[in-house]
Amino acid sequence: MAFCNLCPPTSLLCSKLAALQSISPEKLKPELPFYYSSEKWPFRCTFLFSSSCSLSAYCCRASMAEATAEVLTLRDICGGKVPEHILKRAEEVGYVRPTDVQRQSLPVLLSGQDCVLHAQTGSGKTLAYLLLIYSVIKIQRSAVQALIVVPTRELGMQVTKVARMLAAKSVESDNMQRTCTIMSLLDGGMLKRHKSWLKAEPPEIVIATIGSLSQMLERHVFKLEAVRVLVVDEVDFMLNSSKQVYALRKLLTSHSSIERRQTVFASASIPQHNRFLYDCVQHKWTKNDVVHIHVNPIEPMPSHLHHSFAICCKKERLSVLLYLLQKDAPRSGIIFVSEQSEKSKKAGRPPSATLLFDFLKASYDGDLEIILFEEDMNFNARAASLSDIRQRGFLLVATDLASRGFDLPQTTHIYNFDLPRTAVDYLHRSGRTARLPFSADRCFVTSLITSEEQFVLQRYQNELFFQCEELILEPFAP
Ligand SMILES: Nc1ncnc2c1ncn2[C@@H]1O[C@H](COP(=O)(O)OP(=O)(O)OP(=O)(O)O)[C@@H](O)[C@H]1O
């Protein structure tokens, strides 16, 4: 059996709602959770609601969700399961009201069920799975109890930062003041140092890229027996990555077992999600009753994103970009370019990101810091670029390496200097803006395309249900 995320609210929500509507909770009978057995493949679940759920019940639930959105806090949902010092810390940094994905997923996550968190970019999936992890682990130095797997070093650093921020306060444990230890085991790190740490005093939580993790597992330095929660962030990306898919499948099935762990997958994009859920059960990546928490399925991208495009020939593109930067005056922006092709590498040409970076350094006269971020840079250079970003407004020139997971809430403008290869890439690039807590601002995604690329952009609009407005650029009008 697998549960759709439209299952009714818990009794807590009902009592809250009853209080709101000053009626007795008994009158608010949550319908029995509806489910469909695994024999009825493929899932009949449609985007809006499954066939066994009446529209009125759906509207009732929707109104319930709206009505409770104002009253529920993270403490209401997590209290008694997530340690007090973690909840207190979350409130100190402003995490008081749950986001939609947190409100829908935490009751299921905290009940111990395997989950697929499928929600828009910037909607708070990271905090949802971190709160689960802190509700499960015990602060003791015996073994690694939670493992978070990420596709890039930078996303790993970002998740580690949030995890450490939440666990910053020490707690009483075995009559000693202890803090939870969190190890980041990321590409480009010092695996030797990690090896001795894992042996001497294993951390409670490990955040790892699959490459580094596999090295430690193959050398039996790192054991997963005690891991109770396994999270795979950006799961669709990793399962589609030729470099990562084999190691990830081995991690999910050979190095650890679904019976001994709670498995959580997270992503803003899970193409053919019914087939993905089927594969999760068939390949034993998750238990049979895995729950698909699909938040806002009819809007894969934040609704306040403003999409536009400008048609120009390739040789005008640099001057059009400069014109747009001057016209838009972004608070901060990310300019995405395509990764360098093997042919261009063999010909010894510099990556297009570097060429664009050099052009902007020479021609852009605004006050934003121009920063480069792309594959050819070594890890230290990439880390240096990111530390530059934290200080002030920036224009980041990047390849799709920066399109997944990067949380730079001050970003207001995204420019596709080169159109992304897929609609999923378009979604993730766009998702670097319109992120909490700045997501109330209007945020802009502008694509520079040739007339021949218009049909590609139209296809992305159809797949992701958005409208793209054409910009008429006076200075470049034919
Ligand atoms: N309950 C909350 N209240 C306020 N802000 C929140 C809350 N939860 C998360 N945030 C903020 O929302 C932003 C986005 O969170 P996060 O990076 O977890 O999103 P995500 O869903 O993982 O995005 P992506 O799919 O792009 O990785 C972060 O800056 C985080 O601080």
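The first residue of the sequence shown is numbered 1, and numbering continues consecutively from there. Counting starts at 1 for both ligands and their atoms, in listed order.
- Counting heavy atoms closer than 4.0 Å to ligand 1, residue Thr121 contributes atoms from both its backbone and its side chain.
- Of all protein heavy atoms, the one lying nearest to atom 8 (N) of ligand 1 is Gln102 NE2, 2.9 Å.
- Put simply, no part of Arg404 is less than 4.0 Å from ligand 1, judged by heavy atoms.
- Taking 4.0 Å as the cut-off, Ser123 counts as a neighbour of ligand 1 on heavy-atom distance.
- Within the 4.0 Å heavy-atom criterion, the part of Glu234 lying near ligand 1 is the side chain and not the backbone.
- Atoms of ligand 1 found under 4.0 Å from any heavy atom of Arg432 (numbered from 1 in listed order, with element): 26 (O).
- Residue Arg249 holds its CZ atom at 13.5 Å from CD of Gln244, rounded to the nearest 0.5 Å.
- Ligand 1 has Gly122 within reach: a non-hydrogen atom of the residue lies less than 4.0 Å from it.
- The single protein non-hydrogen atom nearest to atom 13 (C) of ligand 1 is Leu436 O, 3.4 Å, given as residue, atom name and distance.
- For the pair Gly124 and ligand 1, the shortest N or O to N or O distance falls below 3.5 Å.
- Of the protein's non-hydrogen atoms, the one nearest atom 17 (O) of ligand 1 is Arg435 NH2, 3.0 Å.
- In this structure, the protein non-hydrogen atom closest to atom 22 (O) of ligand 1 is Thr126 OG1, 3.2 Å.
- Within a 6.0 Å radius of CD in Gln272, other residues, nucleotides and ligands contribute 12 heavy atoms or fewer.
- Given atom 31 (O) of ligand 1, the protein heavy atom at minimum distance is Tyr95 OH, 2.7 Å.
- Scanning all protein heavy atoms for the shortest distance to atom 25 (O) of ligand 1 gives Lys125 NZ, 2.8 Å.
- Aromatic ring centres of Phe373 and Phe406 lie closer together than 6.0 Å.
- When only interatomic distances are considered, the shortest N/O to N/O separation between Gln158 and ligand 1 does not fall below 3.5 Å.
- Aromatic ring centres of Tyr426 and Phe466: separated by under 6.0 Å.
- Protein heavy atom in closest approach to atom 29 (O) of ligand 1: Asp407 OD2, 2.7 Å.
- Between the side chains of Arg261 and Thr263, at least one donor N or O lies within less than 3.5 Å of an accepting N or O.
- We find that Arg421 and Glu453 are not joined by a salt bridge, their nearest charged nitrogen and carboxylate oxygen being 4.0 Å or further apart.
- If you check the side chains of Asn296 and Glu299, you find a donor sitting under 3.5 Å from an acceptor.
- Checked by atom type, the side-chain pair Asp114/Thr286 shows no donor-acceptor distance below 3.5 Å.
- A pairwise comparison of heavy atoms in Val136 and Gln145 identifies O-OE1, 4.5 Å as the closest pair.
- Within 6.0 Å of the CZ atom in Phe379, the count of heavy atoms belonging to other residues, nucleotides or ligands exceeds 12.
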